[in-house]
Every structure is written in structure tokens, then in C-alpha cells.
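These notes are about the structure you will find just below.
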Amino acid sequence: MDMHADLILVEHDKDGVDLAFRADVLCGLSEQQKAIPARWFYDLTGSELFEEITRLPEYYPTRVETELLETHGTEIARRVGPNRAVVEFGSGSSVKTPLLLREINPAAYLPIDISGTFLRQSCHELAVKFPDLPIIPVEADFMRAVELPASVRDLGMLGFFPGSTIGNMVPHTAVDLLRSMRHTLGDGSQLLIGVDRAKDLGRLIAAYDDSQGVTARFNLNLIDRINRELDADIPRERFRHVVRWNDDWSRIEMHLEAVEDLAFVVAGRDFFMRQGETIHTENSHKYTPNQARLLLQAGGWTPSWQWTDAAQNFLIVLADASEFRSAP
Ligand code: AVI
């Protein structure tokens, strides 16, 4: 296997505290509307809980997107063409990534992830399934443009961003990311991206507030992580998982709501919360197909084809890197 690794970007203090995590939590808890970026959900327990979420009957996105890749794999392969380098933004899913790779017969596979641990693990699993495919892990923050190794620069590129993770970003951040992807992948590249569709509210709320309480545990696990890693004493049992639809932003929001007035300490700093006050922990934007295409256009991508399911739950869009033009 051809290995390439950029320098790791995560900084820790002498006690092993992730400095970016501490900064985000202290800053987020000091705001009027308390908020912590959703990326901090994914410690080991959070990642396991997310895997569990993807198997829940109410959580349709993973299932539907996988079915779309299965059903339309041949057509996706025809539109993409062979011998591309597949650049996945994230460590890769154990199901969806092999499905795509098997169909399109690429020249190389490059997953980009900030977490070296997840990256190495998923590359190892893929190398077993695809022994002849050059797999080149890139340890980097894909929210910024990433310089890909020289060995693949002459290949046509296909970016792959499944899972509707784009929906976890507010639109201006989503557009910034799409532009970074455009820079990373270069002229002549393509992007295959999964987007969750706007739909019936009952269906959406159920997907984020499941009957087995797995999503609630996923949300509350953030408190456990803060307590464990940032020397904090937030009383987890005094919080409840809350899911709201924000119509102005067309998004599901997850919050942690204080069930009574609370005081706690995080990394030596005192915080207070009133009963009913919340910590906003996640946004999951839902797009109509037109909105999704507009978002891609704004990010430097011209949609060329799209696939959706009969129930219109989920959308996979294939787009070409737009030519740079200044007018009108
Ligand atoms: C990772 N992301 C696309 C998931 C979503 O649906 O927004 C995260 C998630 N949060 C709660 N359930 C799933």
C-alpha cells in the first residue's frame, strides 16, 4: 500500500487536553445562546453511538443513501468514468465507500481526515477488500484546501462526500467547504455528494428523537466528554435531549436543555444556566433539490446529475468543477 501522511494538526497541552476542544467549549458556553460545535460529538463513545443511530428504524439517511448507491451504481460509474482518483472527505464508511469503489474502478483512493486513528483503521479495512488499489491516507483538515500528493496529481479526481454531513454546516460554512473542495480537487474534477431532503416534520423529528433514546445518549455523551476531558462537573442527569425544527434555516437543531437552574465548573471557569436554557449542539440542514443545486453552484460546482429515492427522502448529486468566470 502506498502511504502518505501530512503532519497532524491537533494540539494538546501538557496534560493532554485538546486545546481546540477546550477553546470551543469555553467560548461556546460563554455566549448568550450557549453552543458547542457538533464535531466534538465524535469521541470513541460518540462515534459508536452514531454507528448505532445509522441502524435505527427512524434514521433513514444512511439506509436510503446506501440503497441509492446500490441501485444507481452502474449509472454513477458510467457518468464518472474509470481511472479517477477518489478523494473522500472523511475516513470513509465501511459500507458506502466499498460500494462506490467496486462500481467505478478507480486508479487510487485518498481519504482525508483530521483523525489519524480513524483514517488508519478504515484504510486497513479497505486494503483487505481492495488489495490492488493504491490507498493513500491524508491526515489533514478538509475544511481547508488540502495539497494532494504529487503521485495522483495527473489523475482525474472524484470527490466523495456522502452522509449529508454538508447539512451539519450553516450554509456559508458549507459554501466555504465546497470551495475548498474545488481547490483541493482542481479543474476537471467531479464531486459526488449526499444531501438530506426537506420533508415531513414528523419524519424528521423522529429521526433525531428516536424511540430507543440512542440519539439522546449521543447528545448527552457530549457532557460526559466535557466532564472527562476538561475537568468539569456538569450534571448530565440535569439535562435533557431536545430536538427542534427551525423553519427560517430549514434545519433540525439538537439542544441540551437544563431541567433546573444549574451551576457548574469547566476547566476552572464557573458557568450558570437557568431552567429551560439550552446548549445548542447540532444543526442538520435539510434542502430541497433546487436549494441543494444552488448551494453547490455557490461553492464552485455545476450539478450534472442527481438521484433520489421514490419517497424523496435523500438526494445524491454529481457535479463538475465549475470554470472560473467573473461575469455576470
Ligand atoms: C453526521 N450527520 C450527517 C448526522 C445528521 O443526520 O445530521 C449526525 C446526527 N445527529 C443526530 N443524528 C445523526
Side-chain angles (χ1 to χ4, degrees), residues 35-69 88-97 111-115 118 122 142-143 160-171 173-174 177-178 192-225 239-246 249-257 278-287 291-292 295 309 313-317:
I36 297 174
R39 72 185 177 107
W40 299 113
F41 278 139
Y42 300 92
D43 63 355
L44 190 61
T45 310
S47 302
E48 283 167 5
L49 284 167
F50 179 65
E51 281 300 311
E52 219 179 303
I53 288 173
T54 63
R55 293 190 292 269
L56 289 170
E58 297 99 325
Y59 193 77
Y60 59 86
T62 312
R63 213 170 21 255
V64 176
E65 188 180 38
T66 307
E67 281 163 14
L68 286 173
L69 287 171
E88 180 153 8
F89 296 91
S91 269
S93 118
S94 54
V95 179
K96 288 178 253 181
T97 306
I112 307 177
D113 203 304
I114 199 163
S115 159
F118 286 130
S122 74
F142 65 66
M143 297 301 291
F160 186 42
F161 196 42
S164 66
T165 306
I166 194 81
N168 294 129
M169 292 155 214
V170 292
T173 310
L177 171 61
L178 290 166
L192 189 66
I193 185 169
V195 182
D196 195 16
R197 291 183 63 160
K199 61 180 65 63
D200 167 66
L201 251 192
R203 189 96 212 270
L204 278 174
I205 298 282
Y208 292 84
D209 197 6
D210 63 279
S211 55
Q212 295 171 51
V214 181
T215 314
R217 296 211 310 274
F218 173 72
N219 198 5
L220 287 158
N221 176 60
L222 184 60
I223 295 180
D224 292 339
R225 180 174 190 185
F239 282 86
R240 70 182 192 97
H241 167 66
V242 171
V243 175
R244 295 180 187 158
W245 172 252
N246 182 330
W249 284 86
S250 186
R251 71 188 183 202
I252 285 285
E253 294 181 1
M254 296 206 315
H255 293 252
L256 290 163
E257 183 185 289
T278 69
I279 306 172
H280 184 178
T281 51
E282 188 178 61
N283 292 316
S284 200
H285 296 79
K286 308 300 171 188
Y287 292 101
Q291 290 167 340
L295 191 77
D309 52 303
N313 277 320
F314 202 89
L315 192 67
I316 294 180
V317 184

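In each ligand, atom 1 is the first atom listed, and ligand 1 is the first ligand listed.
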Would you mind writing out the side-chain donor-acceptor pairs for residues 44-54 within the sub-3.5 Å range, not counting sequence neighbours?
residue: Ser47; atom: OG; partner: Asp43; partner atom: O; Å: 2.9
residue: Thr54; atom: OG1; partner: Glu51; partner atom: O; Å: 2.5

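For the pair His255 and Asn219, the minimum side-chain heavy-atom distance is 4.5 Å or more.
Aromatic ring centres of Phe218 and Phe41 lie closer together than 6.0 Å. Taking the six-membered ring where the residue is Trp, the centroids of Phe118 and Tyr42 are separated by 6.0 Å or more.
Those atoms of ligand 1 that come under 4.0 Å of a heavy atom in Ser164, given as number and element, are 3 (C). Of all atoms in ligand 1, listed by their number and element, those nearer than 4.0 Å to a heavy atom of Gly163 are 3 (C). Atom numbering of ligand 1 starts at 1 in the shown order; those under 4.0 Å from a heavy atom of Tyr42 are 1 (C), 8 (C).
Where the criterion is an N or O separation shorter than 3.5 Å, residue side chain and backbone included, Tyr208 meets it with respect to ligand 1.
Note on residues 53-63: no pairs pass salt bridge (charged side-chain N to carboxylate O under 4.0 Å, His left out), not counting sequence neighbours.
Proximity of Tyr60 to ligand 1, defined as any heavy-atom pair under 4.0 Å, is not found for any part of the residue.
Scanning the protein heavy atoms around atom 8 (C) of ligand 1, the nearest turns out to be Glu282 OE2, 3.3 Å. Atom 7 (O) of ligand 1 has as its closest protein heavy atom Ser284 OG, 2.7 Å.
Tested against Ile316 for a side chain to side chain contact (heavy atoms under 4.5 Å, CB included), the candidates Ile193, Leu69, Val64 yield a single pass: Leu69.
Using a 4.0 Å cutoff on heavy atoms, Tyr59 counts as a contact of ligand 1.
Side chain of Asn283 to main chain of Asn168: no donor-acceptor pair is present (N/O by atom type, distance under 3.5 Å, no hydrogens or angles).
For atom 2 (N) of ligand 1, the choice among Val243, Asn168, Thr54, Thr215 with the nearest heavy atom turns out to be Asn168.
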